[in-house]
Protein chains: 2
Amino acid sequence: MWQLSTKGRYGTRIMYQLAMKYGNGPMLLKEIAANENLPLKYLEHIIPILKKHKLVISTRGPQGGYQLFKDPKDISIKMIIEALEGDIAPTSCVESPQVCEKNTTCKSRKIWAIVDEKIKETLKNITLHDMIEDNMENSLCKNIVL
Amino acid sequence: MWQLSTKGRYGTRIMYQLAMKYGNGPMLLKEIAANENLPLKYLEHIIPILKKHKLVISTRGPQGGYQLFKDPKDISIKMIIEALEGDIAPTSCVESPQVCEKNTTCKSRKIWAIVDEKIKETLKNITLHDMIEDNMENSLCKNIVL
DNA sequence: TTTAATTCCTACCATTTTGATAGGGAATAT
DNA sequence: ATATTCCCTATCAAAATGGTAGGAATTAAA
């Protein structure tokens with residue numbers, strides 16, 4: 001099955017928890033793990049990636065924890081998934097044409113490029129704010145291109 | 001990176017080769033492997049899956065080989081990918097809600113369900129015939145739902 | 001009826017990825 | 001000081017990935 005890894009899935013849930021607490025100071029990773037019923041020690045591997053990509057910031061010591069780096073309205077699911085899963089694309093040739101010499105004519109590549117575009121368009125148009133407001137479908141109507 | 005496996009990618013290329021020879025008798029797997037520059041012995045693992053899903057038929061012995069089970073116009077990329085990768089969905093909870101008790105309210109699941117729908121809509125509307133005719137983009141306009 | 005061509009089946013395997021657990025170090029608010 | 005919290009590195013079992021290998025079964029054609 002063509003499935004996202006736990007990095008992408010758990011990471012999205014981390015970001016959702018942080019988005020719900022946005023503006024109210026740091027949130028403990030322990031708390032996130034408890035709310036989402038996920039292993040704390042494993043989340044400790046995932047959240048540094050989000051930090052590296054400037055999606056969250058951390059505060060150490062007592063009263064510390066994690067917060068979103070910016071407003072939930074300015075963080076798309078695409079940013080989250082690309083941070084955690086790397087460049088998302090059905091095949092590597094879509095993003096890196098040089099991996100295959102047939103890239104200009106390959107009919108398969110053309111399909112994967114179209115799929116890739118659809119996925120990115122979709123993920124780009126859903127923000128953490130949409131997620132909180134449960135406004136995911138509507139948000140997709142913003143940038144329809146015909 | 002969130003990528004299709006070689007099953008899905010090589011399998012699509014197998015089907016493309018067969019589509020190009022549709023109506024002209026069986027094609028050797030050896031020939032497909034050569035045309036696509038893929039390891040024959042590995043394709044021997046992939047093609048039985050396509051056969052099981054009634055996408056190709058085989059003829060044994062000399063003058064044998066493989067042919068498409070039906071017209072390229074009646075085979076979508078979705079059929080091919082689902083045969084080879086299993087149910088495609090960003091998360092298993094999209095197809096199998098019972099894997100998570102939060103399924104009715106989960107905001108993450110809602111996102112993956114939307115992405116899933118977009119991917120399937122896209123793959124459903126590209127056929128092997130479109131691929132041969134290099135008509136992939138146009139074929140996507142058929143079933144637009146606003 | 002032999003032979004050669006071809007698919008079909010099973011076993012095996014090396015490497016990488018996945019999904020963690022564990023232990024302790026560093027920073028800091030109180 | 002101390003407790004709290006993030007941070008870093010190591011380790012690991014299990015599964016998935018991407019093959020290779022060898023030969024059995026089927027069958028068209030010589």
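Every chain is numbered from 1 and lettered A, B, ... according to where its sequence line falls, protein lines coming before strand lines. These values consider heavy atoms only, across backbone and side chains, with no hydrogens, waters or symmetry-generated copies.
B/Leu28 comes within 4.0 angstrom of the backbone, heavy atoms only, and of no base. Using a 4.0 Å heavy-atom cutoff across all strands shown, B/Ile47 reaches no nucleic acid atom at all.
Close to D/dT17, at under 4.0 Å from its OP1 or OP2, lies no side-chain N or O of B/Tyr42. Regarding contacts with the backbone of C/dT18, every side-chain N or O of A/Tyr10 stays at 4.0 angstrom or more from both OP1 and OP2. Between A/Ser58 and D/dT5 there is no side-chain N or O to OP1 or OP2 distance below 4.0 Å. Listed pair B/Lys51 / C/dC8 meets the phosphate criterion, a side-chain N or O lying under 4.0 Å from OP1 or OP2.
Checked against D/dA24, C/dA26, D/dG19, the side chain of B/Pro39 finds its nearest nucleotide in D/dG19. Side chain of A/Glu44, nearest nucleotide from D/dC6, C/dC9, C/dT21: D/dC6. The side chain of B/Ser5 lies closest to D/dG18, out of C/dC8, D/dG18, C/dT28. Minimum atom distance to the side chain of A/Leu29 is reached by D/dC6, of the listed D/dA29, D/dC6, C/dC8. The side chain of B/Lys30 has C/dT6 as its nearest neighbour among C/dC8, D/dT4, C/dT6. Each of D/dC6, D/dA24, C/dT21 was ranked by its minimum atom distance to the side chain of A/His45; first place goes to C/dT21. If you check C/dT7, D/dG18, D/dC7 against the side chain of B/Thr6, the one that comes closest is D/dG18.
Straight-line distance from the NZ atom of A/Lys52 to the C1' atom of D/dC6: 17 Å, rounded to whole Å. As a whole-Å value, the separation of B/Ile46 CD1 from D/dG19 C1' is 10 Å. Note: CG (A/Leu38) to P (C/dT18) measures 17 Å, nearest angstrom. Atom-to-atom, CG of B/Leu43 to C1' of D/dT20 comes out at 13 Å; the value is rounded to the nearest Å. As rounded to whole Å, 22 Å separates atom P of C/dT18 from atom NZ of A/Lys41. The distance between atom CD1 of A/Ile57 and atom P of C/dT28, rounded to the nearest whole Å, is 14 Å. Distance, B/Arg60 CZ to C/dT7 P: 10 Å, rounded to whole Å. Taking atom CE of B/Met1 as the reference point, atom P of D/dT17 lies 15 Å away to the nearest angstrom.
A side-chain donor-acceptor contact under 3.5 Å links A/Arg13 to the backbone of A/Glu36. Judged purely by atom type and a 3.5 angstrom limit, B/Asn35 has no side-chain atom pairing as donor or acceptor with the backbone of B/Ile32. Looking only at distances, no side-chain donor or acceptor of B/Asp116 sits under 3.5 Å from a matching main-chain atom of B/Trp112.
Residues A/Ile88 and A/Glu95 come closest through the heavy atom pair O-OE2, 3.5 Å.
The aromatic rings of B/Tyr10 and B/Tyr42 sit perpendicular, their planes meeting at an angle over 60°, well past the 30° parallel limit.
Rounding to the nearest 0.5 angstrom, the gap separating the CD atom in B/Gln63 from the CG atom in B/Leu28 is 8.5 Å.
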